There are 2 protein chains.
Amino acid sequence: MTNGLEDEDEGDRGLLSDRIRNALTDEITGGALPAGAALDEQQLADRFGASRTPVREALRQLAVSGLVEMRARRGVVVARITPERIMEMFETVAEIEAMCVRLATYRMTPLERSHLIELHEASEALVSRGDFDAYDAFNRDFHDAIYHATHNGFLAEQAIAVRTRLNGFRRTQLRQSERLRRSRDEHEAIMQAIAEGDGEMASRRMRAHMLNAATALRRFIETSKLA
Amino acid sequence: MTNGLEDEDEGDRGLLSDRIRNALTDEITGGALPAGAALDEQQLADRFGASRTPVREALRQLAVSGLVEMRARRGVVVARITPERIMEMFETVAEIEAMCVRLATYRMTPLERSHLIELHEASEALVSRGDFDAYDAFNRDFHDAIYHATHNGFLAEQAIAVRTRLNGFRRTQLRQSERLRRSRDEHEAIMQAIAEGDGEMASRRMRAHMLNAATALRRFIETSKLA
DNA sequence: AAGCGAGATCTTGCATACAAAGATACGCCG
DNA sequence: CGGCGTATCTTTGTATGCAAGATCTCGCTT
């Protein structure tokens, strides 16, 4: 047992390959590295001031999680995902969220319930003043709270993993204040079903909520293309 | 170089690191490498007639998929999973299966439906003659057919990944002919719901089916422990 | 005798070197 | 002038070497 030194910062603590992996994950999910971008090993090694070895190990890991594609002896590219597949991923996320909220409804503790209510109520202010960034952050917290209220850590991990993976392809931000309002209304409906202890209804409403968001995003993307 | 890689069984085509990864995956999910077993890099390298480099890359990938645990500078061990976590994984699989069968009910083509019926009907013979191995194989096919009938490739991949991961910790085979019969009866009920186009009912029945199987397995394990 | 610590040893993590498979460019032939 | 084969060159895949951290051993101290 060592003395309690926390991993204070992203400094140079920890494994180099892990730091490279985290950095690349951020850059891909953040959109800095667009889909299809070639990831040259030597180039990345130079950029991170390391050798190719840790870079390769990081890329291997990213390949497993699906963020990049490796073609044998033909290099690595940021995963280029078809629109169909993105829709499949959205649907999967919607289904998993629906599953989670059903379980959460039946299992959440009073403390977890009050926490969720608190989060939800606070979101009204964000909608009123149209603070998209803050609402995004709240939204993550809201859904995370539901994941954890399932009291199934494995399921929560899966849900977070899938959602994170989708984030990388959602750099097109939807910033319509009307959608913000509707999002909160849908949350409201979900909260009501939770309050009534009706997991099935909460589940259906969550699914609808997620698919609405996906549809809104898709319409937005298609509209942009026409412009 | 010429020092011959004995191309023992597997074709020596493809990347060495990929072959090592596949071999280790099989050994772990097959139970040859029990949970908690230490995986020494040099040792594995010797065994596969390779250097540590491809072994390391394979281990990194296995760590991402959760089959092994890496502690920095302290080596790699086959993932040691608590009973609670195994139950969580079972529940997650059950929920995902339920989700899949609901979608599949609404979306499967006539061809897919007839294929599923065919599979199911053929399973009667396996139950009658108590062929556990053949029933296991059928069971995989049956559930795979449902995954694919969702017409959501991403979801199907997720489902298969989670189920595969669970396989590694299911080396305790349940071989009760009564359970075999009940399993097929539950499939029958699911097929009926599918035939009626009632996805919700198919979903509930699938969830019950999976949880029954998990419970039977857990009871079996607990009983074994007492002996 | 038990606990502790310094050094030996072993294993991991990273760097560098080398080999082989695609990619590319250029010249030859049709 | 264009297609194709070959040589080169770039980039990946693997091996090996070296350094740092962790574990273990064994002697020393209390």
Side-chain angles (χ1 to χ4, degrees), chain A residues 1-25 28 33 36-64 67-80, chain B residues 1-8 10-25 28 33 36-65 67-80:
Chain A
M1 168 113 80
T2 58
N3 35 2
L5 273 176
E6 268 64 19
D7 33 34
E8 2 176 323
D9 191 17
E10 302 272 332
D12 53 356
R13 208 70 186 146
L15 265 50
L16 189 52
S17 57
D18 284 353
R19 279 190 291 144
I20 293 173
R21 175 171 50 76
N22 290 335
L24 288 177
T25 298
I28 294 171
L33 286 170
L39 298 173
D40 183 88
E41 295 180 358
Q42 187 60 54
Q43 205 170 303
L44 291 173
D46 293 344
R47 187 150 73 79
F48 288 106
S51 79
R52 281 176 49 226
T53 305
V55 171
R56 279 180 62 79
E57 295 186 348
L59 290 176
R60 282 278 181 177
Q61 296 187 77
L62 294 179
V64 173
L67 279 176
V68 306
E69 293 171 5
M70 302 189 77
R71 286 174 304 173
R73 295 176 202 279
R74 298 187 64 187
V76 178
V77 296
V78 176
R80 189 196 312 267
Chain B
M1 84 188 330
T2 51
N3 59 354
L5 278 171
E6 319 275 330
D7 23 39
E8 314 166 11
E10 303 259 339
D12 56 352
R13 212 59 190 154
L15 296 183
L16 190 50
S17 55
D18 283 352
R19 279 190 291 144
I20 294 174
R21 175 170 52 75
N22 290 335
L24 288 178
T25 298
I28 294 171
L33 287 171
L39 299 172
D40 182 88
E41 294 180 359
Q42 187 60 54
Q43 205 170 304
L44 290 172
D46 293 345
R47 187 149 75 79
F48 287 106
S51 78
R52 282 175 49 224
T53 305
V55 171
R56 280 179 61 80
E57 295 187 348
L59 290 176
R60 283 278 180 177
Q61 296 188 78
L62 294 178
V64 172
S65 66
L67 279 177
V68 305
E69 292 171 5
M70 303 189 76
R71 287 174 304 172
R73 293 176 203 282
R74 298 186 64 186
V76 178
V77 296
V78 177
R80 191 197 311 268

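Note on naming: letters A, B, ... go to the chains in the order of the sequence lines (proteins, then strands), and numbering restarts at 1 for each one. Computed from a predicted model, the values in this text were never measured in an experiment.
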Pairs under 3.5 angstrom, nitrogen or oxygen only, protein versus nucleotides 7-12 of chain D, please.
| from | atom 1 | to | atom 2 | distance (Å) |
| --- | --- | --- | --- | --- |
| dT12(D) | O3' | Arg73(A) | N | 3.4 |

May I ask you to evaluate whether Ser51(A) reaches the phosphate of dA15(C), defined as a side-chain N or O under 4.0 Å from OP1 or OP2? yes

Nearest-Å distance, CD (Glu57(A)) to P (dA15(D))? 14 Å

I'd like to check the side chain to side chain contact (heavy atoms under 4.5 Å, CB included) partners of Asp40(B); sequence neighbours left out, ordered by chain and number. Gln42(B), Gln43(B)

Of all pairs that satisfy salt bridge (charged side-chain N to carboxylate O under 4.0 Å, His left out), the ones with a partner from residues 48-58 of chain A, not counting sequence neighbours: Glu41(A)-Arg52(A), Glu41(A)-Arg56(A), Arg56(A)-Glu57(B), Glu57(A)-Arg56(B), Glu57(A)-Arg60(B)

Going by side chain to side chain contact (heavy atoms under 4.5 Å, CB included), name the residues that satisfy it together with Ala63(B), two or more places apart in sequence or in a different chain. Val68(B), Met70(B)

Side-chain N or O of Ser17(A) closer than 4.0 Å to phosphate OP1/OP2 of dC14(C): yes

In whole angstrom, what separates Phe48(B)'s CZ from dG13(D)'s C1'? 17 Å

List the atom of Ile20(B), the atom of Ala58(B), and the distance in Å for their closest heavy-atom pair. CG2-CB, 3.8 Å

With Arg47(A) via side chain to side chain contact (heavy atoms under 4.5 Å, CB included) - residues at least two apart: Leu24(A), Glu27(A), Leu44(A)

Test of understanding: with side chain to side chain contact (heavy atoms under 4.5 Å, CB included), list the residues that count as partners of Ala37(B), not counting sequence neighbours. Pro34(B), Val78(B)

